[in-house]
Amino acid sequence: MPWLLKAEPDSRIVKGVDVKYTIDDLEDEQVGHWEGIRNHEARKNLLAMKEGDRAFFYRSNCKQPAIVGTMTIDKEAYEDHFAKDPKHPYYDAKHTGKWVMVDVRYQSHLQPILLSELRENPKLKDMALLKRSRLSVTPVTDDEFDEILAMAGVNPEKPDQEASEAESGEETKSESPGNGTKKD
DNA sequence: GCCAACGTTGGC
DNA sequence: GCCAACGTTGGC
């Protein structure tokens, strides 16, 4: 099952540590830890992730909240040791040892799909992201995933195109590159 | 176990 | 900065 994971692109200092994390950061490191999830339902979703699952990178708590890239689950849920470190921003004195994290692997940048655009698409009206706005790890259906890729101008049947399209940037910056399916 | 008070998330 | 949604806490 595909997933959506939120991260904050703007600097925010928690216990002296900047918690910002962007799709560019993930691209730089290729494989990143998704630590700091401190909500039971989000935890349940982390535990349900399987290696190889597709996921969206969502930027939240910023001017233009949006889906900005894709990644895959690289390592299934394991103990989030940051919960045990009293000096860490994600320390949780109460639930030490029960929280988990996954590793994610960078796949591609997408032309950002704004939250407002997601809301406008009737095919996405049941998205967990929209219904459970405060949940930072949500499931995405296969149909929703493909629909969003289409909104980003990516052919879901040729996912290898998405990397080259988004990276080379130049030739595919137009609004709807050849998909005549845009509603309105 | 109910619910009011309070804290946090995150869009606007 | 405001506030709606919603999770958590604690009194009873």
Side-chain angles (χ1 to χ4, degrees), chain A residues 1-27 32-49 53-71 73 77-104 106 109-141 143-145 147-152 175 182-184:
Chain A
M1 175 186 294
W3 305 94
L4 180 144
L5 301 167
K6 298 183 186 178
E8 303 183 29
D10 296 337
S11 284
R12 192 162 66 83
I13 307 302
V14 181
K15 288 219 237 169
V17 177
D18 194 344
V19 297
K20 106 179 162 89
Y21 192 65
T22 68
I23 184 76
D24 291 336
D25 294 334
L26 177 58
E27 182 179 15
H33 306 310
W34 213 275
E35 77 278 10
I37 301 301
R38 300 290 178 264
N39 167 281
H40 291 97
E41 194 170 354
R43 172 181 181 270
K44 190 193 69 186
N45 289 333
L46 288 176
L47 287 166
M49 293 179 181
D53 279 356
R54 305 181 290 174
F56 285 126
F57 190 115
Y58 178 89
R59 67 172 182 223
S60 69
N61 209 4
C62 61
K63 273 273 167 55
Q64 293 200 303
I67 288 172
V68 294
T70 64
M71 51 199 177
I73 303 306
Y78 59 105
E79 184 180 358
D80 181 348
H81 61 272
F82 295 104
K84 287 181 165 175
D85 177 359
K87 294 185 297 288
H88 195 271
Y90 299 138
Y91 176 59
D92 181 355
K94 269 198 168 161
H95 304 280
T96 298
K98 73 172 290 190
W99 297 119
V100 297
M101 60 185 181
V102 297
D103 288 353
V104 295
Y106 173 81
H109 279 59
L110 292 177
Q111 190 176 322
I113 308 296
L114 303 182
L115 176 60
S116 57
E117 297 174 313
L118 296 171
R119 286 192 199 286
E120 283 166 13
N121 188 331
K123 289 182 185 166
L124 302 179
K125 65 177 169 48
D126 294 327
M127 260 190 98
L129 171 73
L130 305 182
K131 297 201 143 175
R132 307 288 316 282
S133 62
R134 290 182 51 196
L135 191 58
S136 63
V137 180
T138 56
V140 179
T141 69
D143 285 350
E144 288 164 350
F145 200 95
E147 174 65 16
I148 291 163
L149 288 183
M151 291 171 77
E175 300 312 307
K182 222 175 171 188
K183 292 271 154 6
D184 270 339

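Worth knowing before you read on, the calculation uses all heavy atoms, side chains too, and leaves out hydrogens, waters and symmetry mates. Throughout, protein chains are lettered first and strands after them, A, B, ... in sequence-line order, and every chain is numbered starting at 1.
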Pair Trp3(A), Asp53(A): side-chain N/O donor-acceptor within cut-off below 3.5 Å: yes
Minimum-distance pair of heavy atoms, taken over all atoms of Lys131(A) and Lys125(A): CE-O, 4.0 Å
Can you confirm whether His33(A) is buried at NE2, in the sense that more than 12 heavy atoms of other residues, nucleotides or ligands lie under 6.0 Å from that atom? no
What is the 5' to 3' range of DNA chain C, first to last nucleotide, that sits under 4.0 Å from any heavy atom of chain A? dA5(C) to dT9(C)
Sequence neighbours excluded, the answer for salt bridge (charged side-chain N to carboxylate O under 4.0 Å, His left out) partners of Arg12(A) is Glu8(A)
Students often get this wrong, so: under 4.0 angstrom with heavy atoms, is Lys63(A) touching a base, only sugar-phosphate, or nothing? nothing
At under 4.0 Å between heavy atoms, what does Arg38(A) touch on the DNA or RNA strands: base, sugar-phosphate, or nothing? nothing
Any carboxylate oxygen within less than 4.0 angstrom of a Lys/Arg side-chain nitrogen, looking at Asp92(A) and Lys98(A)? no
